[in-house]
Amino acid sequence: MNREYLSVEEFNELLQHWSGKTIKVTKQELEDHDETLMQLDSISYETNTRRLDEYEPMHALQLNGTGTIQTETPNSQPLPESFYEIPLEDTSLYQFDNTRFSLITERGTYIIELTDQ
């Protein structure tokens, strides 16, 4: 599998092609694992210069759309907001292997892939 490291701009440009499609986002942070299925309407970025603490990200990738989230509980739940937010850091790594995106931060790993739906 050929994994290419991308700049955030290249990552964004490639990910924009998936707007209008159904995606699955798998998050693994420490002991927290969940999967989100969503209809991706658009992609945006947020900058938060008024952070209250270091846990709040300065920059975030927002996957905008509707969907459901599956956690450790048996039933999936609707997304609480109409977006899925991934915190970005200066040290974040962006990869694409022609079938899925990987975003690796100090807090966790996020995999974004198309579904067959």
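Bear in mind the structure is a predicted one, so any value in this text is a computation, not a measurement.
- Other residues, nucleotides and ligands contribute at most 12 non-hydrogen atoms within 6.0 Å of the CD atom of Glu13.
- The line from NZ of Lys27 to OG1 of Thr109 is 11.5 Å long, rounded to the nearest 0.5 Å.
- Interatomic distance, Asp90 CG to His59 NE2, rounded to the nearest 0.5 Å: 6.5 Å.
- In this structure, Ser42 and Ser19 approach most closely via the heavy-atom pair CA-OG, 4.0 Å.
- A donor-acceptor pair under 3.5 Å is absent between the side-chain atoms of Glu85 and the main chain of Ala60, judged by distance alone.
- Under the 4.5 Å side-chain criterion, counting only non-hydrogen atoms from C-beta, Tyr94 is in contact with Leu88.
- Among residue pairs with one or both ends in residues 13-32, those qualifying as ring pair (Phe, Tyr, Trp, His ring centres under 6.0 Å) are Trp18-Phe101; sequence neighbours excluded.
- Going from atom CD of Glu81 over to atom OG1 of Thr66 covers 13.0 Å, rounded to the nearest 0.5 Å.
- The side-chain heavy atoms of Glu89 and Arg107, taken from C-beta on, include a pair separated by under 4.5 Å.
- Pro87 places a side-chain heavy atom less than 4.5 Å from the side chain of Tyr110.
- Between Asn75 and Gln70, the shortest heavy-atom contact is C-OE1, 3.9 Å.
- Counting only heavy atoms from C-beta outward, the side chains of Thr99 and Glu113 never approach each other to under 4.5 Å.
- Under the 4.5 Å side-chain heavy-atom criterion for ILVMFWY residues, a single connected hydrophobic cluster contains both Ile86 and Phe11.
- Hydrophobic clustering (ILVMFWY, side-chain heavy atoms < 4.5 Å, transitive): Phe96 and Ile43 are in one cluster.
- For the atom pair Leu37 CG and Thr26 OG1, the distance stands at 8.5 Å (nearest 0.5 Å).
- Between Thr115 and Lys21 there is no side-chain heavy-atom pair separated by less than 4.5 Å.
- Residue Leu103 is grouped with residue Leu79 when hydrophobic side chains (ILVMFWY) are merged at heavy-atom distances under 4.5 angstrom, including chains of intermediate members.
- The CG atom of Leu6 sits 10.0 Å away from the OG atom of Ser102 when rounded to the nearest 0.5 Å.
- Side-chain atoms of Leu63 and Ile112, non-hydrogen and from C-beta on, do get closer than 4.5 Å to each other.
- The shortest side-chain heavy-atom distance between Leu61 and Val8 does not fall under the 4.5 Å cut-off.
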Open item on the list: For Met38 and Asn64: C-alpha separation, side-chain torsions, deciding distance, then whether side chain to side chain contact (heavy atoms under 4.5 Å, CB included) applies.
Closed with: CA-CA 9 Å; Met38 71 182 302; Asn64 302 295; 6.0 Å; no

TODO: Apply side chain to side chain contact (heavy atoms under 4.5 Å, CB included) to Gln95 and Asp97, showing your working.
DONE: CA-CA 7 Å; Gln95 296 176 317; Asp97 67 7; over 6 Å; no

